[in-house]
There are 4 protein chains.
Amino acid sequence: MNNKKIDFRTDLADERRNLYKKANKLENEIDGIETQEDVIDEKIKVTKVNVLNEKAEEIIGKKKGKYITIDIKKINLLTEEEKEQSSNVLAKELKELIGEKVQKKEDILVVGLGNSEVTPDALGPNVIKEVEITRHIINYLPQYIDENTRPVSAIAPGVLGTTGIETLEIIKGVVEHIKPKLLIVIDALASRSMERISSTIQISNTGIVPGGGVGNTRKEITEETLGIPVIALGIPTVVETAVVVNDALDIFIEKLQKDAKSNDYLNNLKEEDNYEMIKEALIPKEFNFIVTPKEIDELVLNMSDIVARGINFSMD
Amino acid sequence: MNNKKIDFRTDLADERRNLYKKANKLENEIDGIETQEDVIDEKIKVTKVNVLNEKAEEIIGKKKGKYITIDIKKINLLTEEEKEQSSNVLAKELKELIGEKVQKKEDILVVGLGNSEVTPDALGPNVIKEVEITRHIINYLPQYIDENTRPVSAIAPGVLGTTGIETLEIIKGVVEHIKPKLLIVIDALASRSMERISSTIQISNTGIVPGGGVGNTRKEITEETLGIPVIALGIPTVVETAVVVNDALDIFIEKLQKDAKSNDYLNNLKEEDNYEMIKEALIPKEFNFIVTPKEIDELVLNMSDIVARGINFSMD
Amino acid sequence: MNNKKIDFRTDLADERRNLYKKANKLENEIDGIETQEDVIDEKIKVTKVNVLNEKAEEIIGKKKGKYITIDIKKINLLTEEEKEQSSNVLAKELKELIGEKVQKKEDILVVGLGNSEVTPDALGPNVIKEVEITRHIINYLPQYIDENTRPVSAIAPGVLGTTGIETLEIIKGVVEHIKPKLLIVIDALASRSMERISSTIQISNTGIVPGGGVGNTRKEITEETLGIPVIALGIPTVVETAVVVNDALDIFIEKLQKDAKSNDYLNNLKEEDNYEMIKEALIPKEFNFIVTPKEIDELVLNMSDIVARGINFSMD
Amino acid sequence: MNNKKIDFRTDLADERRNLYKKANKLENEIDGIETQEDVIDEKIKVTKVNVLNEKAEEIIGKKKGKYITIDIKKINLLTEEEKEQSSNVLAKELKELIGEKVQKKEDILVVGLGNSEVTPDALGPNVIKEVEITRHIINYLPQYIDENTRPVSAIAPGVLGTTGIETLEIIKGVVEHIKPKLLIVIDALASRSMERISSTIQISNTGIVPGGGVGNTRKEITEETLGIPVIALGIPTVVETAVVVNDALDIFIEKLQKDAKSNDYLNNLKEEDNYEMIKEALIPKEFNFIVTPKEIDELVLNMSDIVARGINFSMD
C-alpha cells in the first residue's frame, strides 16, 4: 500500500481520520476503523471512533481503542443548563469506559497535566481543583461519608519545564505508593481546527502522550507504562500557525474560485492538505507560532467547569 | 492623487507607513512624514515616525504627532540587565515627551486600560500595580517623601463589558476631580505582525482610541476629549487570523517560487497586501479569530515589568 | 445623662447597641432605637436595628436609618441550597431598601471598595466581578435584552494606597458622568467578633465610611456627599488583636470562676468591656495587630458568591 | 527530674527553648542545648540552637540536630538591598548545612509543602515557582548549561485535603524514581509570636513534620522515612488565638501593674506561661481560631522572594 503518510498535527482521532480520508481521497471508512455520530442536541455532538486493529492503528497513528469526541458549540455562551447538559454527556461516556475497567468503589486517581501559570495549558490543574476528593475521608473519617463512595484522589504534577522531572516519573511514584485501580488523565491538546479550541473533549481508553500534539514527544502515560488502565481526557487549547494558514488558504481559494479569480494550480492546492508544505515554509522564518484565541481565559474556565463536573458525576 | 485606501488593521504608525508604501509601491518616504531609526543594541531598536501635516494624517490614519516605536527582541529571554536597559530606553523617550508638555512636579495620572481577567488584555492593569504612586503621600504624609517628588496617581478603569460604563466617562470623571496636568494611558493593541506581540511599545503624544485596533471604535482618549495632554503607550498583544494568514501567504509563495512551483498569479499576489481580501474570505466562515501566542502570560508579565519600570524611571 | 462613651471598634450597628447596653448595664432597649430579630432557619438570622433620632444617633455613633444584619452560620460548610437561600434572604432585604428609594428600571451603580490584592480586603472587587452588568447592553444593544431590565453598572475604584486618589473622588467623578439614581457600596468591615468574619452582612440605607472600622477615617460615601441615595453592604473580614483578647479574657475568667480560681478583681473585669484598656496596653508594644482567620480565602470566596447573587436577584 | 511538661505550640526550637526556660525558671542554658546568637545588622538576627543529646531532645520535643533561626524585622518595608542581604544570610547558612551532607553537583529536590489557594499556606508552592530548575536541562540539553551546575528539581505536592493523598506518599514516590541525594522541604509553620509571622525562617538538618505546629500530626518527612538527608525550611505564617491572648495577657497585666491595679493573683499569672490554660478555656467555646495578620498576602510574597533567592544562591 502506498497511501500518503501524514504529519497529522492533531491529537484528535476524529480529525486524523478525516485528514487521512482527504489526503487519500477515500469515500468510505478506513479499513479497521468504526465510527458513529450522535447529535445530542443543537449544541452537543458525540463522535465515536474505534480503532480496531493494528493496520488502522498504523494508519492514523493512534493506539487501538475507543476515541469519543464531544463537540460543544459556542461554549462561552452556554447557559447554566447547557453546561450541566454537557457535563452529563461527558459523565455518561466516562462512566461507560470506567465501568469496562474497574468495579464500583475501586480507587481512581485523577491527574491534571499542564502548567497552571500558562493559560492555555492550565486546564488540567484547573480541573483538579474542582474534582471531589474522597480518598482521605474514607481513610481517616469514614463516619462522615456514605460507605458506597468511591475513593478518589487527584494530583497536578506540573510540567518538566517547572519541576525538572518527567511527569511520568511523578505519576509512577504516586501510583506505586497509593495503588489506584484506574487513572484518569486530563491534558491540553493541539488540534487542527481553531473552532475546537476549548470546545471539544476527546475521551479515550488508551492513555495519553503528554505534549504529543505540539511536538515534544515525552513518555506516554498508558497501561503499558503504569500497569493500570488509563482513561485520557484531552481538550484542544492551541493550534499551530501552519494549521490556521492551511484552513484559511482553503477558504481563501474557495473565495477566489467564486470570484472566478482562481486557476488550476490553486484549485489543485485546495484539494490537498497543504499543512506540511506550509509548515516547511514557515519554520525557517521562525513563523510557525503556537497560537490560542484571545478569549482563552474564559474558554478554559468554562471547559474546566464542565470537565470537573462531568468527572464528579461519573464517580458514583 | 488616487492612492489605494487601506484597512490597516494595526495601531502602529510605523506598520501603517510600511503598508502604505508597499500598497502604493513607494520608494521614498510618504510626503508629510519624517522617520528616524536608532539601533540601540542587538536587542533594541527605536523607530520614530512624525506625522507632520493633515495630508499625512489622512494617508496613514493617525493624528498629527510623534510616534516612537521601541522593538525588543525575544523579550521572554532577556536577562535582568537587558530588561533594565529596555526600561531605560523607554524612560528616556517618555521623559522627553513629558518634558514637552508639563513641568517637573506637575501632577501625572497613569491609566491602565484593559481587562485584568483576559490575559492578552491585562497589560494595562498589570502595569498600574507596579507604578510608584506618590500623590497620596505628598498630600497626607509630605514629611515622608522628597519634596521634589512628582505627584503620580493611577487607575485601572476596567472595560465596558465588565463595568457597563464607557472608559472615557470614568477617566473624565477622575480627571475633573483630581485635575492632573498630564495623562499617560497604557493600552493593549492589535498589530500586523506576530513577532511584535508583547515585544513592541509605541509611545505617542497624540492619545489613544481604546480597542481601536481590533474593530470596536469607542471614544478617543485625547487632549480634545479631556482637556489635558495625553501620552499613549500601546503594546500589541493580539493579531487577527487574517493578518497571520496574509504574512504566512507571502512566506509560502516565496517558498513556492524557490521551488519553482509558483506562477504569475501567485507572484502578483505576493506583491500585494492581501489582508483585506483574505479577511473578506474568512469573515463569512466565522474564521477571522483574534489570536495570541501560547506564551502570552509570560510575554505580558515581562512587558508589564519593563513598562512599569520605564514609567517609574521617567517620573523624576 | 452621663453614660459611658465607647470606642466601639465595630461597624455593625447591632454590635454597637449590645456593647452600649453592656457598658451601661441597660436591661431595656436604648431610647430611640428599635430592633427586631427574625430567625430564618437554623443557619440564618436577620436582625434589624432602626436608629430613629439624633440622640440614638449620637449614642451608638451611627447615622439615623436602617441597619439590617444577616448572620450566616458556618459559611464555609454551606450546601449549594443554603447558599442560594442566603442570597435570597439578602435579595429580599435589599430589594425592600431599593424600592424605598428608586423606581423599577432606574439606574443603579454598584461600587466594590477594597484592594483585590489583599485577601481580607478583596470582597468588594470580587463581588463586582460577578454582578450582572446591563447598562451597556441597554445603551448599545437594546435588542438583546428584556426591555424591563434595570440598567446596572459596576466599578472597583481601588484604594488610596494603590491609586493615590481618594475613593470618594473617583466615585463622585463617575456618578456625575453616568448619573445613576442609586448607589450600592460593598465594603469589608472590622467587627468585634471573630465568628462574624465573612459570615455577616450588614445592609444599611445610610451609606458608608470606607475603612471607618479599622482606624483610618476617610471621607464618607453618603447621600450628603454624592447627591443620590447610598445603600451600604458591609461584611466584617478582620478584627483587632485587642478585640480577640477582650473576648477571650471573658471566656478565660469564666473558666477561672468555674474552677474557683477567680477573685473579685477578675469578676469585676468580666462585667466590663475591657477592649479600650487592653488596646491601651497593646498599642505601645506594637501588639495591636489586625488579624483574620487562616481560612479567609475561602470565607471571602463564599461570601462574595452569596453577595453577588443576592444583588443580582434584587435587581428585577 | 520533674520539670514541667509543655504544650509548646510552636515549631521553632528557639521559642521552645525560651518557653521551657520560662516555665522552669531556668537562668542557665538547658543541659544538652548549645546556643549562639549573631546580630547581622539592624534588621537581621541569626540564632543557632543545637540539640545535642536525647535528654535535650525530649525536653524541647525537637530531634537532635541544628536549628538556625533567621529573624528579619519589618519584612514588608525592606529595601531591595535589604532583601538581597536577607537572601544572602539564608544562602550562607543553607550552603553550610548542604555541604555537610552532599557533594557539589549532587542532585537536590526542593519540595514546597502547602496549599496554593490558602494565602498563609501558600509559601511553599510560591517558593517552588521561583526556584531555578536545572535537572531537565542537564539531562536533555547539557550543551546549554555550565557543566558544574548542580541538578535541581522541585515539586509542590499539594495537601491531603485537596489531593486525598498523604504528602509523604507523593514525596516518597518521587524520591524513589528520581533518586536525589538531598531534600529541601519548605513549610509554613505555627509560631508562638505574632511578630514572627512571615518574618522568621528556621532552617534545620532534621527534616519536618507537616502541619505539626498546628495540631494535625501527619507523617514526618525525615531521613528515617525517606532514606536521604532532609533540610527543612520553616516559616511561621499563623498563630492560635490562645497564643495571641497569652502574649497579650502578659502585656495587659504589666500595664495593670504599672497603673498599680494588679494583685498577687495576676502577678503570679504573669510569671507563668498560661497558654495551655487559656487554650482549655477557649476550645469548648469554639474560640481557638488560627489567625494570620491582615497583611499576610504581602508578607508571604516578600518572604517567598527572599527564600527562593536564598535557595538559588546556595546551589552553586
Side-chain angles (χ1 to χ4, degrees), chain A residues 74 115-122 188 190 193-195 197 214 237-242 244-259 261-266 269 274 277-298 300-301, chain B residues 74 115-122 188 190 193-195 197 214 237-242 244-259 261-266 269 274 277-298 300-301:
Chain A
K74 297 195 186 291
N115 184 345
S116 60
E117 309 280 298
V118 174
T119 306
D121 202 28
S193 139
M194 202 72 185
E195 287 98 342
I197 296 300
V214 289
T237 60
V238 293
V239 296
E240 273 181 294
T241 303
V244 178
V245 173
N246 185 44
D247 285 5
L249 194 63
D250 283 4
I251 297 174
F252 180 54
I253 296 175
E254 198 179 301
K255 178 155 163 61
L256 292 178
Q257 290 172 332
K258 256 194 216 145
D259 300 357
K261 286 186 185 165
S262 189
N263 58 30
D264 283 357
Y265 183 81
L266 288 172
L269 215 56
N274 303 291
M277 201 163 58
I278 293 169
K279 201 183 62 175
E280 269 172 52
L282 299 184
I283 285 174
K285 303 279 182 181
E286 297 194 30
F287 198 81
N288 198 26
F289 302 99
I290 310 288
V291 299
T292 194
K294 190 191 173 195
E295 300 76 13
I296 188 65
D297 298 81
E298 202 185 352
V300 164
L301 276 186
Chain B
K74 296 194 186 292
N115 184 345
S116 60
E117 308 280 299
V118 174
T119 305
D121 201 28
S193 139
M194 203 72 185
E195 287 98 341
I197 296 300
V214 288
T237 60
V238 292
V239 296
E240 274 182 293
T241 303
V244 177
V245 173
N246 185 43
D247 285 6
L249 194 63
D250 284 4
I251 296 174
F252 179 55
I253 296 174
E254 200 179 299
K255 180 156 161 58
L256 292 178
Q257 289 171 335
K258 257 196 215 144
D259 300 357
K261 286 186 187 165
S262 188
N263 57 30
D264 284 357
Y265 184 82
L266 288 172
L269 215 55
N274 302 291
M277 203 163 55
I278 293 169
K279 202 182 61 174
E280 269 172 51
L282 299 184
I283 285 175
K285 303 278 181 181
E286 295 195 32
F287 199 81
N288 197 27
F289 302 99
I290 310 288
V291 298
T292 195
K294 190 190 172 195
E295 301 75 14
I296 188 66
D297 297 82
E298 201 185 351
V300 164
L301 276 184

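Reminder, nothing fancy here: chain letters follow the sequence lines and each chain counts from 1.
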> Using a cut-off of under 4.5 Å for heavy-atom pairs, which of A:D247, A:T237, A:I296, A:N246 has the most such pairs with chain B?
Replying inline: A:D247
For [X] and [Y], which heavy atoms make the closest approach, and how far apart are they?
X	Y	result
A:A248	B:V245	CB-CG2, 3.3 Å
B:M277	A:K255	O-CE, 4.2 Å
B:V291	A:M194	CG1-CE, 2.9 Å
A:V118	B:K294	CG1-O, 3.8 Å
B:T292	A:P293	CG2-O, 4.2 Å

> Do the side chains of A:F289 and B:E295 get nearer than 4.5 Å, heavy atoms only?
Replying inline: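 Contact flag for B:E295/A:F289 side chains = no.
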> What part of B:E117 lies closer than 4.5 angstrom to a heavy atom of chain A: side chain, backbone, both or neither?
Replying inline: backbone
